[in-house]
Amino acid sequence: MSRILILNGPNLNMFGQRDPAIYGTETLGDIETLCRQTAEKNSQSIDFRQSNYEGELVTWIQEEKDNIAGLVINAAAYTHTSVALYDALELVSVPIIEVHMSNPKEREAFRHFSYVEPLAAKVFAGLGVQSYVKALEYLSEMS
Ligand code: DQA
C-alpha cells in the first residue's frame, strides 16, 4: 500500500463557510471522505491533515518525508508566501502534487505566484474537490 500524505493549509478548515462561488459548498470533512474513497480504490493509504500554522506544516513535511510514497498539498495562502514551505518541500524526494479548489492563476495577481509549483510533479487547480481526486489518481498511475 502506498502511503500518501495530504496536507491542507490555513483556512481550509473553513471550507463550507468560505465563498461558495469560489470554493463550493463541500467541507474539509467531505473532501477527506472523498479522498479516502479514492485512495481505497487505488490501494493507497492516506494521512489527511490540516493546519493554520506554517511551522506545523513544515514540521509535518520534515517528519513524514521518508515515510510516504507521495505528497498532495493544498498550501492555501502559504502557496503564495512561504519560502519556509519551499525549503521543506525541497527535502522531499517523492512526487509532490499541488492542488487547489479554485484556480489561483485566474484570481487576484497576488495569487498568481506559487512557491510549491516549481517543486511539484503536477498541479491540479480549479476543479473543486476533483483536484484532490485527480492528484491521488495521478500518484497511483505514477507508481
Ligand atoms: C486555495 C487558493 C489560495 O489562493 C487561497 O489562499 C486558499 C485556497 C484553493 O484551494 O483554491 O486559501 O488554495
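Counting starts at 1 for both ligands and their atoms, in listed order. Only a predicted model underlies this, so the values are computations on that prediction, with no experimental measurement involved.
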Would you compute the distance between atom OH of Y115 and atom OG1 of T81 and round it to the nearest 0.5 angstrom?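 It comes to 7.5 Å.
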
Aromatic ring pairing Y23/F15, orientation class (parallel under 30°, perpendicular over 60°, tilted between):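 The arrangement is tilted - the two ring planes meet at 30° to 60°.
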
When you measure from the heavy atoms of I22 to every atom of ligand 1, does any distance fall below 4.0 Å?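 Not so, I22 does not reach ligand 1.
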
Heavy-atom nearest neighbour in the protein, as seen from atom 9 (C) of ligand 1, with distance rounded to 0.1 Å: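 Among all protein heavy atoms, the one nearest atom 9 (C) of ligand 1 is M101 N, 3.4 Å.
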
Determine, considering heavy atoms only, which of G24, A76, S102 sits nearest to atom 11 (O) of ligand 1.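 Going through G24, A76, S102 one by one, S102 has the nearest heavy atom to atom 11 (O) of ligand 1.
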
Check N11 against ligand 1 and report side chain, backbone, both or neither, counting heavy atoms closer than 4.0 Å.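 The answer is neither; N11 stays 4.0 Å or more away.
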
Do any N/O atoms on A77 end up under 3.5 angstrom from N/O atoms on ligand 1?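 Between A77 and ligand 1 (N or O atoms, distance only) the closest approach is under 3.5 Å.
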
Tell me the contacting part of R18 for ligand 1: side chain, backbone, both, or neither, using a 4.0 Å heavy-atom threshold, strictly below.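 Contact part for R18 vs ligand 1: side chain (C-beta onward).
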
Is R36 salt-bridged to E40, going by a charged N under 4.0 Å from an acidic O?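 A salt bridge is absent here (no side-chain N lies under 4.0 Å from a carboxylate O).
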
Using a 4.0 Å heavy-atom cut-off, which part of H100 comes near ligand 1: side chain, backbone, both, or neither?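 Both of them.
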
Residues E64, R3: salt bridge by 4.0 Å N-O rule: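 A salt bridge links E64 with R3.
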
Please check: side-chain N/O of N8 versus main-chain N/O of R49, any donor-acceptor pairing under 3.5 Å?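 A pair under 3.5 Å: yes.
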
Ion pair R111/E108, N-O distance below 4.0 Å: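 Result for this pair is yes, salt bridge flagged.
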
Thinking salt bridges, do E117 and K105 make one under a 4.0 Å N-O criterion?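 Yes, E117 and K105 are salt-bridged.
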
Residue L12 vicinity, atoms of ligand 1 by number, heavy atom under 4.0 Å: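 Counting from 1, the qualifying ligand atoms are 8 (C), 12 (O).
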
For T79, state whether at least one heavy atom is located under 4.0 Å from any atom of ligand 1.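 Under 4.0 Å: no for T79.
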
Where does N74 meet ligand 1, judged by heavy-atom distances below 4.0 Å: at the side chain, the backbone, both, or neither?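 Near ligand 1, N74 shows its side chain, while the N, CA, C and O stay back.
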
Identify the closest protein heavy atom to atom 7 (C) of ligand 1: which residue and atom is it, and at what distance?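 For atom 7 (C) of ligand 1, the nearest protein heavy atom is Y23 OH, 3.5 Å.
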
Provide, to 0.1 Å, the distance between atom 4 (O) of ligand 1 and the closest protein heavy atom, together with that atom's residue and name.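 Residue, atom and distance for the closest contact: H80 NE2, 2.7 Å.
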
Just verifying a value: how many Å separate I68 CD1 and S45 OG, rounded to the nearest 0.5 Å?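 Separation between the atoms: 10.5 Å.
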
Would you check if the side chain of H112 reaches a backbone N or O of R107 as a donor-acceptor pair within less than 3.5 Å?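 Between the backbone of R107 and the side chain of H112 there is a qualifying donor-acceptor contact (under 3.5 Å).
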
Any idea which protein heavy atom is nearest atom 5 (C) of ligand 1, and the distance to it?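 I find the closest protein heavy atom is R111 NH1, 3.3 Å.
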
